[in-house]
Amino acid sequence: RKGTEKVDLFVDHRNDAEKEKDADRMDDWDQEKLESVVKEKHSGENQNNKTDIVCKHFLEAVEKRLYGWFWVCPSGGNECKYRHALPPGYVLKS
């Protein structure tokens with residue numbers, strides 16, 4: 001296999017993604033990054049719920065810049081019945 005990087009077998013790389021996400025703070029995100037994180041984090045949750053109402057805790061976390069990889073909705077996490085997605089036309093306040 002030419003051109004592939006050798007893996008260091010003495011290092012556990014499973015925690016690398018966690019460390020990368022820890023360092024990735026919302027303060028440094030732009031609108032596009034926020035939308036991609038929301039889509040990735042919430043893409044598979046609560047598919048049975050088709051409500052258009054956006055979760056107030058989700059919006060509050062985004063507005064207060066508390067939202068991130070490890071944010072959990074106070075209304076039950078993945079069981080929250082409201083959407084954890086930005087409403088159409090939402091603009092992140094600077």
Side-chain angles (χ1 to χ4, degrees):
R1 297 183 188 187
K2 288 186 178 183
T4 58
E5 187 177 323
K6 292 186 179 183
V7 176
D8 185 354
L9 297 177
F10 295 97
V11 177
D12 187 350
H13 294 282
R14 293 179 294 179
N15 293 329
D16 289 351
E18 293 282 328
K19 289 177 187 174
E20 200 173 289
K21 286 182 179 180
D22 278 342
D24 191 13
R25 300 284 177 206
M26 187 180 171
D27 295 334
D28 302 324
W29 295 353
D30 59 3
Q31 183 75 24
E32 186 177 324
K33 175 68 174 180
L34 175 62
E35 290 172 2
S36 72
V37 169
V38 169
K39 184 177 180 182
E40 180 180 338
K41 181 174 169 81
H42 299 290
S43 63
E45 71 185 37
N46 210 355
Q47 293 297 329
N48 295 332
N49 185 11
K50 300 297 182 191
T51 184
D52 289 331
I53 302 171
V54 178
C55 177
K56 67 179 182 181
H57 299 293
F58 170 75
L59 280 179
E60 184 177 297
V62 168
E63 289 169 359
K64 291 183 176 180
R65 299 197 179 276
L66 300 173
Y67 181 80
W69 292 109
F70 301 104
W71 178 81
V72 177
C73 180
S75 293
N78 289 344
E79 300 303 316
C80 179
K81 63 181 180 178
Y82 300 106
R83 290 186 54 187
H84 290 168
L86 296 173
Y90 179 86
V91 177
L92 180 62
K93 298 172 188 169
S94 300

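Count residues from 1 along the sequence.
With sequence neighbours excluded, no residue forms a side-chain hydrogen bond (donor to acceptor under 3.5 Å, both in side chains) with S36. With sequence neighbours excluded, no residue forms a side chain to side chain contact (heavy atoms under 4.5 Å, CB included) with V72. Remark: K33 engages D24 in a side-chain hydrogen bond (donor to acceptor under 3.5 Å, both in side chains) (not counting sequence neighbours). Scanning for side-chain hydrogen bond (donor to acceptor under 3.5 Å, both in side chains) contacts around E35 gives Q31, with sequence neighbours left out.
Just one residue in the list Y82, W71, Y67 forms a side-chain contact (heavy atoms from CB on, under 4.5 Å) with H57, and that residue is W71.
Within the structure, salt bridge (Lys or Arg N to Asp or Glu O under 4.0 Å) pairs that include any residue of residues 53-62 comprise E60-K64 (at least two apart or interchain).
Taking CG of L59 as the start and NE2 of H84 as the end, the distance is 9.5 Å to the nearest 0.5 Å.
Linking ILVMFWY residues whenever their side-chain heavy atoms come closer than 4.5 Å, directly or via other members, leaves L34 and V91 in distinct clusters.
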